[in-house]
Peer 1: 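Once you've had a glance at the structure underneath, I'll fire off some questions.
The figures here come from the full heavy-atom set of this structure, side chains too, leaving out hydrogens, waters and symmetry mates. In what follows, residues are counted from 1 in the order of the sequence shown. Worth saying up front: this structure is predicted, and the values here are computed from it rather than measured.
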Amino acid sequence: MLKWKLERYLMDSKKVIDSLMFISENIENLRNLNIRNIIYEKLETFYVKIRIVYDKTFNKLEKKKLALRDNIYKATMYESDKNYAHKDDDYKVTEVESLNYLIEILKQQLVHCRKMCNKSLLDTITLDFIPYDHDLFRIVNGITPRKEEILEKNIFYE
């Protein structure tokens with residue numbers, strides 16, 4: 001796989017963390033949404049995409065060795081395998097005390113993946129986490145399609 005395509009998967013995982021940070025900061029303004037489902041979908045995206053990065057970087061034997069000696073890799077693959085890529089009956093839910101704690105775990109997993117898979121990734125992109133979500137930002141700030149058209153017109157045509 002081309003490095004830029006693999007980098008895209010890594011960035012998609014990073015955007016999940018950005019979205020969760022945005023949710024955490026704006027939870028009160030998002031209370032009318034089904035936050036549980038939104039978070040679940042974001043986590044599914046995170047774990048499927050990060051798994052692709054690992055799968056395209058390491059061969060089967062390397063992944064087995066990593067699973068034996070690397071706890072962060074092992075935890076990442078456990079969530080991906082047992083809960084998000086499949087629905088295994090023997091999956092044990094990883095309890096987290098808060099959304100902020102979950103965000104810290106995901107950051108740790110993503111930074112670790114970036115470090116471990118560095119040979120397969122570009123050097124141009126950094127993992128700067130920013131609390132932002134394209135869609136939820138519009139909901140929180142009441143930006144309707146009409147308001148967005150007006151804003152774009154004012155920005156780009158004046």
Peer 1: On a heavy-atom basis, which atom in I23 and which in L30 lie closest, and how many Å separate them?
Peer 2: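 Scanning both residues completely, I find the closest heavy atoms to be CA-CD1, 4.0 Å.
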
Peer 1: Can you confirm whether more than 12 heavy atoms, excluding those of Y9, are under 6.0 Å from its OH atom?
Peer 2: no

Peer 1: Hydrophobic clustering (ILVMFWY, side-chain heavy atoms < 4.5 Å, transitive) - are F58 and I72 grouped together?
Peer 2: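 Different clusters: I72 never reaches F58 through Ile, Leu, Val, Met, Phe, Trp or Tyr contacts under 4.5 Å.
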
Peer 1: Is it true that K14 and D128 have a side-chain N and a carboxylate O under 4.0 angstrom from each other?
Peer 2: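 Answer for the salt bridge query: no.
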
Peer 1: Judged by modelled atom types alone, do N100 and S98 share a side-chain donor-acceptor pair under 3.5 Å?
Peer 2: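 No - no donor-acceptor pair under 3.5 Å links their side chains.
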
Peer 1: Nearest 0.5 Å, what's the OG-CD1 distance between S80 and I52?
Peer 2: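 That separation rounds to 9.0 Å.
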
Peer 1: Checking side chain to side chain contact (heavy atoms under 4.5 Å, CB included) against M21, which of N26, V16, L106, I103 comes through?
Peer 2: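 Of all the options given, the one that passes is I103.
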
Peer 1: Within a strict 4.5 Å, meaning less than it, do heavy atoms of the L99 and I35 side chains meet?
Peer 2: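 A side-chain contact under 4.5 Å is absent here.
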
Peer 1: Could you list the residues that satisfy side-chain contact (heavy atoms from CB on, under 4.5 Å) with I105, not counting sequence neighbours?
Peer 2: V96, Y101, Q109

Peer 1: So how far is it from K3 NZ to C117 SG, rounded to the nearest 0.5 Å?
Peer 2: 12.0 Å

Peer 1: Do D12 and R8 meet the salt-bridge criterion of a basic N to acidic O distance under 4.0 Å?
Peer 2: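 Yes, charged N to carboxylate O under 4.0 Å.
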
Peer 1: Is any NZ, NE, NH1 or NH2 atom of the basic residue among K65 and E62 found under 4.0 Å from an Asp or Glu carboxylate oxygen of the other?
Peer 2: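 No, this pair does not count.
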
Peer 1: Would you say the side chain of F46 lies within less than 4.5 Å of the side chain of L20, judging by non-hydrogen atoms?
Peer 2: no

Peer 1: With a 4.5 Å heavy-atom cut-off, do T57 and M116 have their side chains touching?
Peer 2: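 In short, these two side chains do not touch, never coming nearer than 4.5 Å.
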
Peer 1: Could you walk me through whether D123 and N118 pass the side-chain contact (heavy atoms from CB on, under 4.5 Å) check?
Peer 2: CA-CA 8 Å; D123 292 332; N118 199 37; 3.9 Å; yes

Peer 1: Mind checking the NZ-NE2 spacing from K15 to H134? Nearest 0.5 Å is all I need.
Peer 2: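 Answer rounded to 0.5 Å: 9.5 Å.
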
